[in-house]
Amino acid sequence: MKPKHPTVICINTDWCKGCGICAAFCPKQVLVMNQRDKAEVVAAENCIACKQCEQRCPDLAIQVIKSPAKEEKEAS
Amino acid sequence: MTAKTTKFVQGNEACVEGALYAGLDFFAGYPITPSTEIMELLARRLPANGGKFIQMEDEIASMCAVIGASLTGRKVLTATSGPGFSLKQEALGFAVMAEIPCVIVNVQRGGPSTGNPTHVAQGDVNQARWGTHGDHAIVALTASNHQDVFAMTVEAFNIAETYRTPVILLLDEVVGHMRERLTVPEAGAIPLVERLRTSVRKGVDYHPYLPRDDGRLPMSDFGGVHRYNVTGLFHDMWGFPSDNPGVVHGLIRHLMDKIENNAHRLAHYKTYHLQDAETVLISYGSAARSALHVTENLRARGERIGLMELQTLWPFPAEQVARECGHAKQVVVVEMNTGHMCQMVRAALGPPARVFLANRMDGVLITPTDIKAHLRLIAGRGV
Amino acid sequence: MSVQDYIRERFFPHIWCPGCGHGTVLNNLVRAVETLGLDKNEIVMVSGIGCSSRIAGYLDFHTLHTLHGRALAFATGVKLSRPELNVIVPMGDGDALAIGGNHFIHAARRNINITAIVMNNRIYGMTGGQFSPLSGEATTATTAPFGTIDPDFDTVALATAAGASYVARTTTYHVQEIRKRIAEAIVHPGFAVVEVMSQCPTYFGRKNKQGDAVEMLRRYKEGTVPLDKQPADPEKIPRGVFVQRERPEYCKRYEHLVQAAMTDGAALT
Ligand SMILES: Cc1ncc(C[n+]2csc(CCOP(=O)(O)OP(=O)(O)O)c2C)c(N)n1
Ligand code: SF4
Ligand code: SF4
Ligand code: SF4
């Protein structure tokens, strides 16, 4: 079942240098590199909020904000 | 220690006394003749006074460590001789660029290279001025006797704090190792300059590299409430790297001007019988002891001779030399090198050429007899 | 606090090339500090010169950007002077182990409580791709057009032999490990070394036909193993904590020395 409030993935395109690391190692193919060589979210609903993209990004250009539902589940 | 005390000590110990009097609380060094006694004494004295002493792996590390400690708010010192002074040059330039107060003692020996480790020389005068690369200004002081070694050491710390600059104290093997009387004045007898710290409060933008109207730059200790950047790159008023031509030019000018424009305040020297002197000797360090002897001796015989003993070598006190020697028929620079100060004196006095060099550079202290021989040569009377 | 609270945002985007591993080290170093909940005013970061050393300018700590190879010497002055501060020293491989090799082994020998991070890209990035003492034989570099004949150091073995009391290795692929290892190193009461294998796609990758940043990270993933799994995979580079031991720490020992000196009458005058 898909969560009501999906995880939000913010990409700061001013900082993104288009290395492709986030897209290459996302376990759920949530991200792709677009024609302007920036990371882009294409399947937010598949995101499992593992934050690998956020932590691997050399440019601190991605922030993954978990859905409140997920946060709650983890907290309990 | 508050009361006045008198001791019979080496010049290196007089330097240690001066440093402790000035409030030294961090020393890092690496042993090298003829400066080693300074670190040996401090290894004992500093911890006992609650200060920090560390023997580093080399002179480069020693210079770096004192800069690091200075940034945390300490009064810092390192001591060395020729080869070690060469190794310190890059980090010395960092202290110039980042405006970090510190004092570097170089007890000179013969060079280049390992040279003449246990013998006297004054061959590092120009290295003190130009040893590190790039345009910069520097302060270098010297002394010929232990009371002055003490006073100039205290002054070196005062200047370092006032102008946020490294200060070089150029001693030499004879002064460093010779023993004579030293009176350590009671606490408070010589005013001490303490670090000027910023009054900017927590949360308010602090500019570590923005001079006040009086040219001084208040500091904030590392570990305090202001987090800023310190770099050897050209930098803006927050300490962040910048290659903006205006910033680069402005910083070079600032580094030069803060020293050169205060040359008159930094100029320390002593004069003996200059009022009517036709022959003026200019000397410094241990060479000045022989020069003083000659001056007194020839005066007693009625000759019109005087002595200007330099204690500030850099910035070179050109105006003072011109004023004190303007009337002299001849000026003889007595030093133990190929004429480092002689060149500066010539430039300061200009034509007509009447400046002579009386030197010795064989590892032996220049004697009164040597100087007199030079004077006879100059007078055309043969040796 | 979030990552943004620890960086000097006005200098971003940073100067590093696309895909440079040094950015990933910065990213996870911040997370390590965040995990520990350290006060920014109690952290001093001292760096040398190199692409790696530019990390200091981007972080909102007390930052001291010094000379090539000398960061640990400056850091020793800071730490001995103010032992209560956390001192973190990020270094490049050339910075730490070529020009700075002497300071590295002596800081380890003293076991002074400093966190040393070796950002090992096996190349001199800043000066444009010359080989380093960690390049290893047969590496191509601008100063080794026919391949290096220089053997490399093993950072872990060197740090261990010199006396470091915490020694770990990881890579920029293994980001969770970077955070954990750096956090452990900061908390460790002695000289702690974390080697992070960090890709330089611009020079090392290109010169050595290792592909782009993504490809280089795949190599880290496939070419390394956790320390305990290494016996089964001896060809791979081990990751993990190699040393975690108790040794007297330098600043602590100095405190004892001060007490001895203060009771020694001769020392006072
Ligand atoms: C005394 C000195 N020698 C040489 C240099 C030039 N230099 C700057 S960075 C560097 C090497 C950088 O390589 P590394 O330390 O591995 O860091 P990286 O740039 O790869 O992160 C060199 C040789 C210098 N700045 N100072
Ligand atoms: S990892 Fe960061 S810099 Fe690289 S493509 Fe993704 S968002 Fe951009
Ligand atoms: S958080 Fe994980 S799943 Fe979601 S986009 Fe990032 S890497 Fe992919
Ligand atoms: S040259 Fe290499 S090390 Fe330097 S920023 Fe570029 S990728 Fe990083």
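These values consider heavy atoms only, across backbone and side chains, with no hydrogens, waters or symmetry-generated copies. Numbers restart at 1 for each chain; the letters A, B, ... are given by sequence-line order, proteins then strands.
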Using non-hydrogen atoms and a 4.5 Å limit, figure out which bit of [X] sits close to chain B: side chain, backbone, both or neither.
X	answer
Lys40(C)	both
Val44(C)	side chain
Leu85(C)	side chain

Glu57(B) and Arg110(C) ion-paired at < 4.0 Å: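 Arg110(C) and Glu57(B): salt-bridged.
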Heavy-atom contact with chain C under 4.5 Å, split by part of [X]:
X	result
Tyr228(B)	backbone
Leu233(B)	side chain
Ala98(B)	neither

Any side-chain donor paired with an acceptor under 3.5 Å for Thr72(B) and Arg82(C)? no
Please tell me whether Phe74(C) and Phe94(B) form a close aromatic pair, meaning their ring centres lie under 6.0 Å apart.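 Yes, close enough.
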Over 12 foreign heavy atoms within 6.0 Å of [atom1], [X]:
X	atom1	answer
Tyr209(B)	OH	yes
Phe157(B)	CZ	yes
Arg179(B)	CZ	yes
Arg245(C)	CZ	yes
Glu84(C)	CD	yes

Check whether any side-chain heavy atom of [X] lies under 4.5 Å from a side-chain heavy atom of [Y], and answer yes or no.
X	Y	result
Val230(B)	His65(C)	no
Thr63(C)	Arg227(B)	no
Pro47(B)	Tyr254(C)	yes
Leu80(C)	Phe26(B)	yes
Pro83(C)	Lys52(B)	yes
Pro241(B)	Arg54(C)	yes

So which residue, [options], ends up with the most heavy-atom pairs under 4.5 Å with chain B?
options	value
Asp39(C), Thr66(C), Ile49(C), Leu59(C)	Thr66(C)
Leu67(C), Ile43(C), Val258(C), Val46(C)	Leu67(C)
Val78(C), Leu257(C), Asn41(C)	Asn41(C)

Heavy-atom pairs under 4.5 Å with chain C, option from [options] with the top count:
options	answer
Gly223(B), Gly73(B), Gly232(B)	Gly223(B)
Ser70(B), Gly51(B), Ala43(B), Ser220(B)	Gly51(B)
Leu20(B), Ile67(B), Ile54(B), Asp58(B)	Ile54(B)
Leu41(B), Val225(B), Val66(B)	Val225(B)

If you measure from [atom1] on [X] to [atom2] on [Y], what distance do you get to the nearest 0.5 Å?
X	Y	atom1	atom2	result
Glu90(B)	Arg70(C)	CD	CZ	6.5 Å
Phe61(C)	Asn229(B)	CZ	CG	12.5 Å
His62(C)	Asp221(B)	NE2	CG	9.5 Å

Leu71(B) vs Leu64(C), test: side chain to side chain contact (heavy atoms under 4.5 Å, CB included). Steps then yes/no. CA-CA 9 Å; Leu71(B) 274 167; Leu64(C) 176 54; 3.6 Å; yes
Shortest non-hydrogen contact between Ala73(C) and Ala61(B), atoms and distance: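 So the minimum-distance heavy-atom pair works out to CB-CA, 3.7 Å.
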